[in-house]
Asker: 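I'd like to ask you about the structure that follows.
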Amino acid sequence: MIKKRNDKIKLIIFDLDGTALDTDLYVVLNHVHLCEKYLDGKIFPLSTLIQFSGPALADTFDEYYPNIDKKALTDDFRDFSLKYTCKYSRLYDHEIEVLEKLKEAGYYLAILTTKKKEPTGIVLHHFGLDKYFSMAVSLEDVNKIKPDPEGVYKIMERFKVNSDEIAIIGDSLTDYLAGKNANIMTLFTTWGLKKVPENIKPDYFVNTYKDIEEVFLDEWKECN
């Protein structure tokens, strides 16, 4: 029998890219594609490309692709995404096992992402994650994206829970700040290639999905 370790928490919100799905390779390849097409093959360092997962795409384009038509960039990024996200992404070790246990224990699970609705739905279905996540809030669902807490509040309203009954798990500063701005429990993943921001103080750092299990679950096994 799987039981909640923290009876107060009812809802766990996951970021998508870099948290519910390992998309590091996909993000890098998408931007390599854009660099080759729009920057005459100038490729950003891997350490820079990895950081493009998390912030709003428009902000990344403004900073790293100045004077390039933003609609053309967005259209190309979207086309690559629809073709290759599933091919170049993967689930994390022990992820399905832990999600199964969280659902069995009675937690509500939701996704909060800056990815657009169509590719979000495609990857959740492809990897079987729509079985576990009862709600997905994507780019078109909010007026203000993370770190604004609007998406968190939208999910709170759907599940009729209070701020002290929610946790958020993410791999970027925007996820962490969205949680802090909504005054909810924060977990920060350290399993990706991105650098952990300095001076953040989440309630928990988690290095694997088994660490998430440790935070939220007790497993009682009957002894024969």
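On a predicted model such as this, the values are computed, not experimentally measured, just so you know. Here, residue 1 is the first one in the sequence, and each next residue gets the next number.
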Asker: If you count the non-hydrogen atoms of other residues, nucleotides and ligands that lie under 6.0 Å from NZ in K103, is the total more than 12?
Answerer: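 Yes, the 6.0 Å shell around NZ holds more than 12 heavy atoms from other groups.
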Asker: Please report the interatomic distance CD(E214) to OG1(T208), rounded to the nearest 0.5 Å.
Answerer: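 Here the interatomic distance stands at 9.5 Å.
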Asker: Taking all heavy atoms of D15 and all of G170, pick out the closest pair and write down the distance.
Answerer: CB-CA, 4.0 Å
Asker: What are the two closest heavy atoms between F216 and A167, and how far apart are they?
Answerer: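 For F216 and A167, the tightest heavy-atom pair comes out as CZ-CB, 3.8 Å.
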Asker: With side-chain hydrogen bond (donor to acceptor under 3.5 Å, both in side chains) as the test, would you mind laying out the steps for Y204 and D211 before giving the verdict?
Answerer: CA-CA 9 Å; Y204 298 94; D211 289 345; over 6 Å; no
Asker: Would you call the rings of F80 and Y84 parallel, tilted or perpendicular if under 30° counts as parallel and over 60° as perpendicular?
Answerer: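 F80 vs Y84 ring planes: tilted.
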Asker: Taking the side chain as C-beta and beyond, is there a heavy-atom pair between T60 and Q51 under 4.5 Å?
Answerer: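 T60 vs Q51: side chains apart.
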Asker: Could you check whether E165 pairs with K160 (Lys NZ or Arg NE/NH1/NH2 to Asp/Glu carboxylate O, under 4.0 Å)?
Answerer: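 Looking at K160 together with E165, the answer is no, because their closest N to O distance does not fall below 4.0 Å.
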Asker: Which heavy-atom pair separates P147 from L177 by the least distance, and what is that distance?
Answerer: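 Nearest heavy atoms, P147 then L177: CB-CB, 3.5 Å.
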Asker: Between L73 and D69, is any pair of side-chain heavy atoms under 4.5 Å apart?
Answerer: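 No, every pair of side-chain atoms sits at 4.5 Å or beyond.
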Asker: Between A56 and I145, which heavy-atom pair has the shortest distance, and what is it?
Answerer: CB-CD1, 3.1 Å
Asker: Hey, can you tell me if Y209 and F14 have their rings parallel, tilted or perpendicular (30° and 60° cut-offs)?
Answerer: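 Y209 vs F14 ring planes: parallel.
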Asker: Charged N to carboxylate O under 4.0 angstrom, D141 versus K154?
Answerer: no
Asker: A side-chain contact here means heavy atoms from C-beta on lying under 4.5 Å apart; do F188 and S172 qualify?
Answerer: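 When only atoms from C-beta onward are counted, S172 and F188 do not touch, as no gap falls below 4.5 Å.
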Asker: Around atom OH of Y26, are there more than 12 heavy atoms from other residues, nucleotides or ligands closer than 6.0 Å?
Answerer: yes
Asker: Membership question, hydrophobic clusters at under 4.5 Å side-chain separation (ILVMFWY): are L57 and L29 in the same one?
Answerer: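 Linked within one cluster.
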Asker: Group every Ile, Leu, Val, Met, Phe, Trp and Tyr by side-chain heavy-atom contacts under 4.5 Å, then state whether L217 and Y92 land in the same group.
Answerer: yes
Asker: Can you tell if the side chain of I200 reaches within under 4.5 Å of the side chain of F205, non-hydrogen atoms only?
Answerer: yes
Asker: Please name the pair of heavy atoms, one in V206 and one in W191, separated by the smallest distance, quoted to 0.1 Å.
Answerer: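 Looking at all heavy atoms of both residues, the closest pair is O-CE3, 4.1 Å.
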Asker: Same cluster for I9 and I155 if Ile/Leu/Val/Met/Phe/Trp/Tyr side chains link at under 4.5 Å?
Answerer: no
Asker: Got L187 and V215 here, is their nearest side-chain heavy-atom distance under 4.5 Å?
Answerer: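 They are in contact (side-chain heavy atoms under 4.5 Å apart), so the answer is yes.
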Asker: For the atom pair CD1 (I111) and CG (L129), what is the distance rounded to the nearest 0.5 Å?
Answerer: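 So the gap between those two atoms works out to 7.0 Å.
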Asker: Between K4 and Y107, is NZ or CZ placed under 6.0 angstrom from the six-membered ring centre and within 45° of the ring axis?
Answerer: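 Because its charged atom sits under 6.0 Å from the ring centre and within 45° of the axis, K4 does stack over Y107.
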Asker: Would you call E213 and K101 a salt bridge, using N to O less than 4.0 angstrom?
Answerer: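 Here E213 pairs with K101 in a salt bridge, since their nearest N and O are under 4.0 Å apart.
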Asker: Could you please spell out the steps behind the ring-ring contact (aromatic ring centres under 6.0 Å, His included) verdict for F44 and Y64?
Answerer: CA-CA 9 Å; F44 299 113; Y64 290 94; 5.4 Å; yes
Asker: Between L34 and D76, what is the shortest heavy-atom contact and its length?
Answerer: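 Reported closest heavy-atom pair: CD2-CB, 3.8 Å.
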Asker: Could you tell me whether K87 atom NZ has more than 12 heavy atoms of other residues or ligands within 6.0 Å of it?
Answerer: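 It does not: K87 NZ has 12 such atoms or fewer within range.
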Asker: Compute whether any side-chain donor of one residue and acceptor of the other, for N207 and T190, lie under 3.5 angstrom apart.
Answerer: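 On atom types as modelled, these side chains qualify, holding a pair under 3.5 Å.
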Asker: Is H126 atom NE2 crowded by more than 12 heavy atoms from other residues, nucleotides or ligands, each under 6.0 Å away?
Answerer: yes
Asker: Taking 4.0 angstrom as the limit, do K83 and D79 come out as a salt bridge?
Answerer: no
Asker: Given side chains that start at C-beta, do those of I96 and V98 come closer than 4.5 Å, heavy atoms only?
Answerer: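 Side-chain contact under 4.5 Å: no.
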Asker: What is the distance from atom CG of L124 to atom CG of L16, rounded to the nearest 0.5 Å?
Answerer: 5.5 Å
Asker: Distance check, rounded to the nearest 0.5 Å: L46 atom CG versus H31 atom NE2?
Answerer: 12.5 Å
Asker: Do Y153 and M185 sit in one hydrophobic cluster, given that two such residues count as connected whenever their side-chain heavy atoms are within less than 4.5 Å of each other, even indirectly?
Answerer: no
Asker: With the side chain counted from C-beta on, respond yes when K146 and V152 share a heavy-atom pair under 4.5 Å apart, and no when they do not.
Answerer: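 No, side chains not in contact.
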Asker: If hydrophobic clusters are built from ILVMFWY residues whose side chains come within less than 4.5 Å, do L109 and L91 share one?
Answerer: yes
Asker: Name the residue from F159, F133, Y132 that meets the ring pair (Phe, Tyr, Trp, His ring centres under 6.0 Å) definition with Y108.
Answerer: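 That would be F159.
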Asker: Could you tell me whether E157 atom CD has more than 12 heavy atoms of other residues or ligands within 6.0 Å of it?
Answerer: no
Asker: Between R78 and E118, does at least one N-O distance fall below 4.0 Å, as a salt bridge requires?
Answerer: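 Counted as a salt bridge, because a side-chain N and a carboxylate O are separated by less than 4.0 Å.
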Asker: Whether the T85 and S81 side chains hold a donor-acceptor pair (N or O, under 3.5 Å, no angle test) is what I'd like checked.
Answerer: yes
Asker: Considering only heavy atoms from C-beta outward, does the side chain of Y176 approach that of K201 to under 4.5 Å?
Answerer: yes
Asker: Salt bridge check, R5 against D218: does any charged N sit closer than 4.0 Å to a carboxylate O?
Answerer: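 So D218 pairs with R5 through a salt bridge.
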